[in-house]
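Protein chains get the first letters and strands the later ones, always in sequence-line order, with residue 1 at the start of each.
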Amino acid sequence: MEEPRKKEEEKIIRSLNFIEEIIENDIRNGVNDSRVHTRFPPEPNGYLHIGHAKSICLNFGLSKKYNGKTNLRFDDTNPVKEEVEYVDSIMEDVKWLGFDWEDRLFYASDYFEQLYGYAVILIRKGKAFVCDMTAEEISETRGTPTRPGKESPFRHRSVEENIDLFARMRAGEFPDGSRVLRAKIDLTSPNMHMRDPVLYRILHTHHHRTGNQWCIYPMYDFAHGQSDSIERITHSICTLEFEVHRPLYDWFIHEIGIYAPRQIEFARLNMTYTVMSKRKLLELVRDGNVTGWDDPRMPTICGLRRRGYTPESIRNFAETIGVAKRDNIIDVSLLEFCIREDLNKRANRLMAVLDPVKIVIDNYPEELVEEMEAVNNPEDETKGKRKLPFTKTIFIERDDFMEDPPNKFFRLAPGREVRLKAAYIIKCEHVVKDPKTGEIEEIHCTYDPLTKSGMPESNRKVKGTLHWVSEKYAIKTEVRLYDRLFVMENPDEAEEGKTYLDYLNPDSLKIVTAMIEPAVKNAQILEKYQFERIGYFSVDHDSTAQNLVFNRVVSLKDSWSKVEKVK
RNA sequence: UGUCCGAUGGUGUAACUGGCAACACAAAUGAUUCUGGAUCAUUAGAGUCUAGGUUCGACCCCUAGUCGGACAACCA
């Protein structure tokens, strides 16, 4: 009877995504001597986000799976936008995600000389020319997707003149924008990228690596494919929008006569309740809608890290969403599931009360302090136990008490009994309210001394278990309750007259002062805890020994709020 | 009036490459629980964009269409 099930399981494990299928096919056919070599090629002009994480996991994952290699290469062909700050953050993020490019850190700028040589080859073959038109003129004569373009009047310059002009461009004889080098392909091509694309432009700009060595820079299209070729990349994996560029890359490779990698395109990641474009993320930072690239509400890797996400959870997320070519928008709740799943197993529990209300246990001795024993992680016995002090006056969560509860409410209410986690069963006797506001100031209870955790009597059934913290021993800490940055599933689809910024969630951050059990004082930056019955929290780097700061990573799954909603 | 790509439960990804749609999340129900968490069990939900065709048999192949996306930076 076990046979069919086993078979089923194997099948699931073996099911390949379309890229793996291509690779396995290539390996089988001995393509590139069955070598697998990928690369992650970011432009250092911004911070990496969860979409890049998908690509990183894909590229490094593939080489790991097939015993290959993955390079990290910065496509730094536009010095006006690129900065070392970004290079550093990208390397940090890739490392943090758990990947290693070993000694294969490259830059497209490493290849500038070689690329220049390739351009000269094209010129000599009569396949490239120097064009003196302005950017506007070039754009106007390019035509539209449905209308062919017009030839440049400079298209038929002699090879000698082109060689000379291109050399003088390099030598710095011409001002920015005065001339470009263009490929000579086909102005009537239905593929816009084939209409004599620009190969080199003049930019008298300092480059973060080559300094002032160059004043002409290759366009991305002229650098990317050849860089992959130079690095002997076997499978150049990129996102869908470069599909249209592929014929151009193939043309370059063929005309120059160099090794041809195989480009495979996949659909980029989109996620609900967030934006993913670098431009929009930059705007959020610049306009102060978030505190920075690493604001815990940002979908950036550094933002997720600060929020409290673990590399494992992100890798697992990337694995779970899969790879395909169709457009997709992944529900953030899947990301949230991944971090809960991870933290449930790893995070120690703590009692923290975010919105405290005082409980006085009338029959508990005034000065008595009992050391209660609590399990650190019920999912992992090796995490051990800790002590926490119990006293006559404690705090519980304000919404764990209702004066007039519905019968589905399992928590504290007048005349009802409830268990205090790792302590006693208490019964609510009466409440004390502020005569003016009507707000509850104290809830008076009695405890049953025979029901201390672990005692035989403690097995008595009560409907609910509450977390609590001793008034006397609690530590005040700052807790930042983060929520989704946008209120709309897809902020990119703003209605007429609105932009994504009109859908910012005004409640994406609430700061509260919480009372937490004393064990919290050992918390280290980035350490994760589960606040019992509330959610997962991570220590922010703003935290100090005197003033602890926690970020809410994600709340616990809450089926009670669903019950409430149904009403 | 173009070229390229795509279309499978609410979301995402599969389907031994032509053998009668599965997995994860989300949802529901129950059990269990000193977290309304976790865990376990169970259930519901698509007949694969449409119309034809090939075939004993089509998510898979062919044809035509529909819808969605990408492409007109001296950006990447």
Can you tell me if NZ on A:Lys278 sees more than 12 non-hydrogen neighbours from other groups inside 6.0 Å?
yes
Once you apply the 3.5 Å cut-off to both distances, tell me the Watson-Crick or G-U wobble partner of B:C49, or none.
B:G65
Check every atom of B:G2, B:A38, B:A14 against the side chain of A:Asn17 and return the nucleotide holding the closest atom.
B:A14
Students often get this wrong, so: under 4.0 angstrom with heavy atoms, is A:His245 touching a base, only sugar-phosphate, or nothing?
base
Could you classify B:G9 for me, syn or anti, using a glycosidic angle within 90° of 0 as syn?
anti
Less than 4.0 angstrom between a side-chain N/O of A:Thr272 and OP1 or OP2 of B:U11, yes or no?
no
Checking all strands, does A:Val198 fall into the base, sugar-phosphate, or nothing category for heavy-atom contacts under 4.0 angstrom?
sugar-phosphate
How would you label the contact of A:Phe337 with the nucleic acid (heavy atoms, under 4.0 Å): base, sugar-phosphate, or nothing?
sugar-phosphate
Tell me what A:Lys408 touches on the nucleic acid: a base, only sugar-phosphate, or nothing, going by heavy atoms under 4.0 Å.
base
With A:Glu417 as reference, evaluate A:Arg411, A:Arg460, A:Lys463, A:Lys427 under the salt bridge (charged side-chain N to carboxylate O under 4.0 Å, His left out) test and give the passing residue.
A:Arg460
For A:Arg411, answer base if it contacts any base atom (sugar-phosphate contacts may also be present), sugar-phosphate if it contacts only those atoms, and nothing otherwise; contact means non-hydrogen atoms under 4.0 Å.
base
Can you tell me, in whole Å, how much space there is between the C1' of B:G19 and that of B:U3?
37 Å
Which is more 5' along RNA chain B, the nucleotide nearest A:Asn377 or the one nearest A:Asp76? Just name the residue.
A:Asn377
Phosphate contact (B:G6 OP1 or OP2) by A:Arg268 side-chain N/O below 4.0 Å
no
Should A:Tyr111 and A:Tyr118 be marked as a ring-ring contact (aromatic ring centres under 6.0 Å, His included) after you check the CA-CA gap, both sets of side-chain angles, and the distance that decides it?
CA-CA 10 Å; A:Tyr111 314 133; A:Tyr118 291 157; 9.4 Å; no
Residue pair A:Ala423/A:Ala324 against RNA chain B: nearer the 5' end by closest nucleotide is A:Ala324
Do the side-chain N or O atoms of A:Thr77 get closer than 4.0 angstrom to the phosphate oxygens (OP1, OP2) of B:A76?
yes
Fit a plane to each ring of A:His224 and A:Tyr249, take the angle between them on a 0 to 90° scale, and name the class: parallel (under 30°), tilted (30 to 60°) or perpendicular (over 60°).
tilted
Side chain of A:Arg326, base of B:U8: donor and acceptor closer than 3.5 Å?
yes
Counting just side-chain N and O atoms, does A:Ser139 come under 4.0 Å of either OP1 or OP2 of B:C74?
no
On the nucleotide B:G36, are OP1 or OP2 found under 4.0 Å from the side-chain N or O atoms that A:Arg533 carries?
yes
Does A:Tyr217 reach a base, just sugar-phosphate, or nothing at all? Heavy atoms under 4.0 Å.
nothing
Is it the case that the side chains of A:Asn191 and A:Ser189 hold a donor-acceptor pair, with the cut-off being a distance below 3.5 Å and no angle test?
no
Would the base of B:G10 count as contacting A:Glu489 through its side chain, where contact means a donor and an acceptor less than 3.5 Å apart?
no
Any base atoms under 4.0 Å from A:Phe409, or only sugar-phosphate, or nothing? Heavy atoms, all strands.
base
At less than 3.5 Å, do the side-chain atoms of A:Gln530 and the base atoms of B:U35 form a donor-acceptor pair?
yes
For B:A73, does the O4'-C1'-N9-C4 (purine) or O4'-C1'-N1-C2 (pyrimidine) torsion place it in syn, i.e. within 90° of 0, or in anti?
syn
So, is B:U48 syn or anti if syn means the angle is within 90° of 0?
anti
